[in-house]
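Model, not experiment: these values are computed from the prediction. Proteins come first, then strands; the chains are lettered A, B, ... in the order of their sequence lines, and each starts at number 1.
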2 protein chains.
Amino acid sequence: MRDPKVEQVLDRLREGGGRLTRARRQIVEAMVAGDHRHLTAGDIVEIVRRRDPDFHESTVYRTLERLAELGVVRPVQLTPGATVFHLVEGPHLHHHLLCDRCGTVIEASDDLLDALAVEVGRTYGFALQSAAATLHGVCSACHEHHEHDHSHDHGAGHRH
Amino acid sequence: MRDPKVEQVLDRLREGGGRLTRARRQIVEAMVAGDHRHLTAGDIVEIVRRRDPDFHESTVYRTLERLAELGVVRPVQLTPGATVFHLVEGPHLHHHLLCDRCGTVIEASDDLLDALAVEVGRTYGFALQSAAATLHGVCSACHEHHEHDHSHDHGAGHRH
DNA sequence: ATAATTGCAAAGTCTTTGCAGTTTG
DNA sequence: CAAACTGCAAAGACTTTGCAATTAT
């Protein structure tokens, strides 16, 4: 119950001039627990409230904003109406492959778009920002049984 | 004042079993007028209301939804909190290059990601959906004078 | 102590929905 | 005429903001 990952994030917070509060620790704990998950602000509120009923929305947003400024957390707009957040592990940037069927998010290597970046720069004079892309498509699992009409677990991973 | 592009879209609406109303004509006219612009629902409301003060939000959303179903219009989530819509010209799909500095949107050829699609399919078993990507970066104009602190015209194109 | 942070409540933006009246084909 | 569509009003999801009370350093 003294997860090094949690402490690492909290340390960065303090280094950045921030203060260490109960609420912040719980937010970070929730994010570390749900590791490679992509949580919405609402997901985090729900989780933290289980232990701390007074925990409030505004705190999540303010804290996530701080953490994002410090580069510890990354906000990603996967779908309309739902910004998800995840921890940035070290310098490990990555792109997101979002399955439009089941909502699964695959984290793809940051050099995936290197070749494309060159191409785009040459053709459009556009400097592609690394590791910021969300690519839509269909994951392998969904692709295999795409003729069946099973109950799509849409939003897998962060729907309540 | 009988723009063939407008008629073309309205024809498709009718073919799809839809009805031709004053509101719908005006919505389409607004979109054609702002051609390669990417308009938010709010932008459209604002434009149409100038001629037709009773025009209502809900109508835009319902109409855009229909048009999107018919494949005539495409909704794109460029930034958090702002779904933009644009007409789909024929079979001309494209990706979006969004400048994070000035908000300009460049429409990139749909085959831009072909090579990437192969790569992603092989590495992650993920079937990339064509022409659905929004790539972030910096456009050439912004890139050139990036040391100066000029008033960034952020949101260019669809901010009121 | 004092500056940061929180809970709370209120508001803001964007979007959706139900319904009764109106209009289209 | 019947079905489709509209305006309106109300509500819903997500996020932001002001403020007074609380808490970390």
Side-chain angles (χ1 to χ4, degrees), chain A residues 7 9-28 30 38-49 51-70 73 75-85 154-155 158-160, chain B residues 9-28 30 38-49 51-70 73 75-85 155 158-160:
Chain A
E7 302 308 317
V9 172
L10 294 178
D11 281 352
R12 284 229 227 167
L13 229 184
R14 220 184 312 201
E15 286 164 22
R19 290 181 182 180
L20 197 26
T21 67
R22 172 178 170 72
R24 289 181 170 184
R25 161 161 261 122
Q26 306 212 87
I27 291 171
V28 175
H38 296 73
L39 303 171
T40 65
D43 291 334
I44 297 173
V45 170
E46 195 185 302
I47 295 170
V48 175
R49 272 208 184 131
R51 321 184 92 219
D52 196 341
D54 278 348
F55 182 74
H56 201 277
E57 257 96 20
S58 56
T59 302
V60 197
Y61 286 108
R62 287 189 277 223
T63 298
L64 288 173
E65 192 183 15
R66 278 266 185 295
L67 293 174
E69 281 166 6
L70 294 171
V73 147
V76 184
Q77 183 76 203
L78 287 183
T79 57
T83 302
V84 295
F85 299 83
H154 199 99
H158 54 270
R159 283 286 146 261
H160 21 273
Chain B
V9 173
L10 294 178
D11 281 352
R12 283 228 226 166
L13 229 184
R14 220 183 313 202
E15 287 164 21
R19 288 181 182 181
L20 198 25
T21 68
R22 171 178 172 72
R24 289 181 169 186
R25 161 161 261 122
Q26 306 212 87
I27 290 171
V28 175
H38 295 73
L39 304 170
T40 65
D43 291 335
I44 297 173
V45 170
E46 196 185 301
I47 294 169
V48 175
R49 272 207 186 132
R51 320 184 94 219
D52 196 340
D54 278 348
F55 182 74
H56 201 278
E57 258 98 19
S58 56
T59 303
V60 197
Y61 286 108
R62 286 188 278 225
T63 298
L64 288 173
E65 191 183 14
R66 279 266 184 294
L67 292 175
E69 280 166 6
L70 294 170
V73 147
V76 184
Q77 182 77 203
L78 286 184
T79 57
T83 301
V84 295
F85 300 83
H158 51 270
R159 282 287 145 260
H160 22 276

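For T83(B) and dT15(C), the shortest distance from a side-chain N or O to OP1 or OP2 is below 4.0 Å. In terms of phosphate contacts, T21(A) brings a side-chain nitrogen or oxygen within less than 4.0 Å of OP1 or OP2 of dT6(C). Using a 4.0 Å cut-off, some side-chain N or O of Y61(A) falls inside it from OP1 or OP2 of dT15(D). Within the 4.0 Å cut-off from OP1 or OP2 of dT5(C), at least one side-chain nitrogen or oxygen of R66(A) is found.
When each of dT15(D), dT6(D), dG7(C) is scored by its nearest atom to the side-chain atoms of T59(B), the top-ranked nucleotide is dT6(D). In this structure, the nucleotide among dG25(C), dG7(D), dT2(C) sitting nearest to the side chain of R19(B) is dG25(C).
In this structure, I47(B) and I44(B) have side chains that are not in contact, with every pair of non-hydrogen atoms separated by 4.5 Å or more. Looking at heavy atoms from C-beta onward, V28(A) lies in side-chain contact with L67(A) at the 4.5 angstrom threshold. With a 4.5 Å cut-off on side-chain heavy atoms, F55(B) and I27(B) count as touching.
Nucleic acid contact class of S58(B) (heavy atoms, under 4.0 Å, all strands): base. Within 4.0 Å (heavy atoms only), R24(B) reaches sugar-phosphate atoms of the nucleic acid but no base atom.
For L20(A) and P53(A), each mapped to the nucleotide of DNA chain C holding its nearest heavy atom, the one lying further toward the 5' end belongs to L20(A). Between E57(A) and R62(A), the residue anchored closer to the 5' end of DNA chain D is E57(A), taking for each the nucleotide with the nearest heavy atom.
Taking atom CZ of F85(A) as the reference point, atom C1' of dT15(D) lies 9 Å away to the nearest angstrom. When rounded to the nearest whole Å, the span between CZ of R25(A) and C1' of dA24(D) equals 13 Å. Nucleotide dC5(D) holds its P atom 14 Å from the CZ atom of F55(B), rounded to whole Å. Taking atom NE2 of residue H56(B) and atom C1' of nucleotide dG21(C), one finds them 15 Å apart after rounding to whole Å. If you take CD of Q77(B) and P of dA13(D), they are 18 Å apart, rounded to a whole angstrom. With rounding to whole Å, L64(A) atom CG is found 14 Å from dC14(D) atom P. Atom pair R49(A):CZ and dT6(C):P shows a separation of 14 Å (rounding to whole Å applied). Between the CG atom of D54(A) and the C1' atom of dT22(D) there is a distance of 13 Å, rounded to whole Å.
A salt bridge links E57(A) with R49(A); the closest basic N to acidic carboxylate O contact falls under 4.0 Å.
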Can R25(B) and R22(B) be said to form a side chain to side chain contact (heavy atoms under 4.5 Å, CB included), step by step? CA-CA 5 Å; R25(B) 161 161 261 122; R22(B) 171 178 172 72; 6.0 Å; no
